[in-house]
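Following: one structure in structure tokens, then a few remarks.
Read the numbers this way: they start at 1 and go in the same order the structure lists the ligands and their atoms. Bear in mind the structure is a predicted one, so any value in this text is a computation, not a measurement.
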Amino acid sequence: MPRAENDQTIITDRGEGGETQQRGGAPLTTNHGVPIPDNQNSLKAGARGPTLLEDFVLREKIFHFDHERIPERIVHARGTGAHGYFECTDPIPDLTIAQPFQEKGGKVPVFVRFSTVAGSKGSKDTPRDVRGFAVKFYTEDGNWDLVGNNIPVFFIQDAMKFPDLIHSVKPEADRGFPQAASAHDTFWDFVSLMPESIHMILWAMSDRAIPRSLRMMDGFGVHTFRLVNAKGKAVFVKFHWRAKLRCQSTTWDEAVKISGADPDYHRRDLWEAITAGDFPEWELGLQIFDEEFAASQPYDVLDATKIIPEEDVPLRVVGRLVLDRWVDNFFAETEQVAFLPSNVIPGIDFSEDPLLQGRLFSYLDTQKSRLGTTNFHQIPVNAPKCPMHNFQRDGLMQTLVPTGRANYEPNSLAEAGEDPGPRPAEHAFRTHPVATEGKLRARSETFADHYSQARLFYRSQTAPEQAHIVKAITFELSKVDLPHVRLRALASLRNVDEDMALAIADGVGVELPEALEPAKAPIDMPASDALSMHLTATQVPKGRTVGVLLTDGADGEALKKLRAAAKKAGVTVKLVAPKRGGVTLASGETVEVDGQLEGMPSVLFDAVAILAADASLDRVPAARDFVADAFAHLKAIVATKEAGGLLDAAGVEKDAFVFEAAKEPEAAVLRAHERLWDREQA
Ligand code: HDE
């Protein structure tokens, strides 16, 4: 328990990281430390009131409660975070002096926050949306924030359009809905008028925007940045986080149903994995290239609506990110964490990407609204873990106590024997000099090709992935009430792929309109396998969850085998039964379960096993839905003979992903990372 430096008599419970301990049994006090004897009753004039204004204990408690909320983030309001570390596996001191990349095995603490973009703080975890992937590295040279997304491109090219984009996707201004959804008039009106958004639209309409888990999505820095070495030489870089569990998504129907069954699905999944010691992990891959490469591409590397195909610049893996500690307090850490793309460290610099340049202003600015003070950097989750010295002083909620008179520079106080304060650093962040053209408000000609990479993305997908994009856009446009907006979107989509546009027009039930005149005629780039989630999927079920539906009298042997396989494969098993109290197996053994059938539908699992000894389950609607959904969502189903009637009632047709519990109960585990795409075709 540290003592405040200037008062030897005060004892606080405040730890070095600002954490306060709830000491069990410690005396209850007010915020000002006054012990209080009663936490049940307000101070009244007589036992039956009225309550007295004098009651500072009640007033303080309610005053604080009344102000517990702070403004939610304008975008990315819904999120969840965790602590962890970054470990360097392949140092690159030749390319950059950035501290995290200097030493093999060197570790840097990090805080990561994942988020959805459009929904408000209390919205569901599984809308169709981009996911934020923001990483704060607490390095020895200060905080470096890599504030990225799970999609490598963005909707717009210039920060000027960001407020318009966000206004258009948020609930419509007059009616206040829809929440956390892009399937409405104003969004499609805006994006169809902004052809630069088309590449990102295709990503957002792909299954990337409905991830199965935050652990099963990649992250991207999106913009081109610079690495700068000790000689001041710079190279361009793009940052990629590659999920160890590889990318996986839900189906759309599943995502919709999960939002009802468990609106906290992603948050809970991350929490469960971390608290179980199954720490989520990503590799950091860098695409490193120089000015010459940049100048020779058919796109501009400063344009955030473009990728650099991995086939052209492969990822160089330099480290790994591990999340191993859940927050102690959601508000203090996850809600108050403030990411700033302007937080860079020596060895990392920005590029001239006009979207990034706008972000450098926005994030600092927004923290003043959200956290209320320019001293937000003193909140423990935001504070650097290295020393920090400057001449900035005062401000609302100043919690530091700078000593001495030196709050200006230059000063000659040292000559009087006083502390003169800090001096400019030798090892420091230095802006890489870049030649610029004159001042003008314009869009570069090199940003004019909007369609080539949208086409590249679509044509790099497998047939099921393409079919999902078609279905998603058909769904979204079918929610658009303004007929001219639907047509304009289709006119733009024709420039991406004629067959795709035709299938969507057919799905919506309209004639295909004339194609929109592109600002620059698209070119055909060679397909990139790296852009397909299916072609880069995992081959092992690690990290997935199998749901086992049990009834009284179930066969304990099958359960045992399934659990053994799961343990070996790193798969979680959750037991579901008609009643939460549990079941009694055929052996007489009683088993506790994780949930009741109505509250744990199969959408929450990657594969299911129906270990039922009870043939009457086919009359239980939740049991029928459990099986029918697992089948519709293309999952492996293991079932006992007794469950045959239930499978029939649920419309299950025997295929390669339907297994007998007596023969291969472990099949549910071994197939948990897979979906039977052929079933969808059928
Ligand atoms: Fe953000 N964005 N953004 N954004 N963004 C915010 O900052 C903004 C953009 C991203 O978990 C805000 O602290 C502008 C691209 C993430 O706390 C705000 C522009 C990318 C998060 C803001 C963009 C992002 C934010 C809201 C266009 C991917 C959540 C709260 C120039 C590379 C961070 C806040 C967290 C949050 C502005 C575009 C990612 C308003 C002006 C591109 C992951 O400042």
Side-chain angles (χ1 to χ4, degrees), residues 70-83 110-121 125 129-136 143 145-170 194 196-197 199-200 203-204 208-209 214 217-225 237-241 266-267 270 302-307 323 327 330-344 350-372 376-377 379 381-382:
I70 58 174
E72 66 173 38
R73 290 167 175 82
I74 304 289
V75 283
H76 295 267
R78 170 83 186 166
T80 192
H83 296 273
V110 300
F111 186 81
V112 177
R113 183 172 178 274
F114 301 108
S115 47
T116 57
V117 179
S120 62
K121 193 166 145 266
D125 272 353
D129 200 354
V130 188
R131 298 303 188 281
F133 193 128
V135 183
K136 189 182 281 294
N143 290 353
D145 295 354
L146 185 55
V147 195
N149 279 342
N150 77 327
I151 289 178
V153 288
F154 202 63
F155 291 103
I156 48 169
Q157 297 173 322
D158 192 301
M160 192 67 146
K161 296 314 296 170
F162 191 67
D164 301 289
L165 167 73
I166 298 306
H167 285 171
S168 83
V169 73
K170 284 274 182 180
M194 297 285 296
E196 70 200 51
S197 67
H199 186 196
M200 174 76 160
W203 283 81
R208 300 260 177 177
L214 301 169
M217 58 185 209
D218 290 344
F220 304 89
V222 176
H223 314 281
T224 294
F225 290 86
V237 62
K238 281 199 180 258
F239 296 102
H240 294 238
W241 294 112
H266 285 155
R267 182 178 293 186
L270 192 69
L302 301 184
D303 173 358
T305 68
K306 303 297 186 292
I307 58 153
L323 297 182
V327 295
F330 190 89
F331 179 85
E333 302 177 80
T334 308
E335 192 58 16
Q336 292 197 114
V337 67
F339 291 95
L340 304 129
S342 51
N343 276 357
V344 287
F350 316 116
S351 71
E352 296 72 69
D353 175 343
L355 197 66
L356 173 60
Q357 295 281 321
R359 295 180 73 202
L360 301 182
F361 161 73
S362 176
Y363 292 65
L364 178 63
D365 187 55
T366 208
Q367 306 313 340
K368 176 66 179 57
S369 291
R370 267 180 41 71
L371 300 167
F376 70 88
H377 61 278
I379 294 171
V381 71
N382 296 324

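- At a 4.0 Å heavy-atom cut-off, ligand 1 touches Val147 through backbone and side chain alike.
- The backbone N or O of Ser115 lies less than 3.5 Å from no partner atom in the side chain of His76, so there is not a single donor-acceptor pair.
- When hydrogens are left out, the protein atom nearest atom 34 (C) of ligand 1 is Thr366 CG2, 3.4 Å; that is the closest non-hydrogen contact.
- From the protein, the heavy atom lying nearest to atom 8 (C) of ligand 1 is Phe162 CE2, 3.2 Å.
- No donor-acceptor pair closer than 3.5 Å links the side chain of Asp158 to the backbone N or O of Pro354.
- Atoms of ligand 1 lying under 4.0 Å from at least one heavy atom of Gly132, given by number and element, are 43 (C).
- Taking only nitrogen or oxygen atoms, main chain and side chain alike, Ser362 reaches within less than 3.5 Å of ligand 1.
- Residue contact check: Ala159 has heavy atoms under 4.0 Å from atoms 31 (C) of ligand 1.
- For the atom pair CZ of Phe330 and CD of Glu335, the computed distance is 6.5 Å after rounding to the nearest 0.5 Å.
- Here the side chains of Arg73 and Arg370 are in contact, with some heavy-atom distance below 4.5 Å.
- Counting protein heavy atoms only, atom 25 (C) of ligand 1 is closest to His76 CD2, 3.1 Å.
- With distances taken over non-hydrogen atoms, the option nearest atom 15 (C) of ligand 1 out of Gln357, Arg359, Arg370 is Arg359.
- Taking CG of Leu355 as the reference point, atom CG of Asp303 lies at 9.0 Å (rounded to 0.5 Å).
- Of the protein's heavy atoms, Gly148 O, 3.2 Å lies nearest to atom 43 (C) of ligand 1.
- Summary of contacts: the protein heavy atom closest to atom 17 (O) of ligand 1 is Arg73 NE, 2.7 Å.
- Looking only at distances, no side-chain donor or acceptor of Asp145 sits under 3.5 Å from a matching main-chain atom of Ala134.
- At a heavy-atom cutoff of 4.0 Å, ligand 1 is contacted by both the backbone and the side chain of Tyr363.
- In this structure, atom 33 (C) of ligand 1 lies nearest to the protein heavy atom Phe339 CD1, 3.9 Å.
- When side chains are defined from C-beta on, Ser120 counts as touching Glu72, because their heavy atoms get closer than 4.5 Å.
- In this structure, Phe111 and Phe339 have parallel ring planes: the angle between them is below the 30° cut-off, well short of the 60° mark.
- The shortest N or O to N or O distance between Ser115 and ligand 1 is not under 3.5 Å.
- A donor-acceptor pair under 3.5 Å is formed between the side chain of Arg131 and the backbone N or O of Ala209.
- Protein heavy atom closest to atom 13 (O) of ligand 1, with residue, atom name and distance, is Gln367 NE2, 2.9 Å.
- Considering backbone and side-chain atoms together, Arg113 places an N or O closer than 3.5 Å to an N or O of ligand 1.
- The shortest N/O to N/O separation between His223 and ligand 1 does not fall below 3.5 Å.
- Among all protein heavy atoms, the one lying closest to atom 28 (C) of ligand 1 is Asn149 ND2, 3.2 Å.
- Taking the six-membered ring where tryptophan is involved, the planes of Phe133 and Phe114 are perpendicular, since the angle between them exceeds 60° and thus also 30°.
- When heavy-atom distances to ligand 1 are checked against a 4.0 Å cut-off, Leu355 comes that close through both its backbone and its side chain.
- Of the residues listed (His223, Gln157, Arg359), the one engaging Asp353 in a side-chain hydrogen bond (donor to acceptor under 3.5 Å, both in side chains) is His223, and it is the only one.
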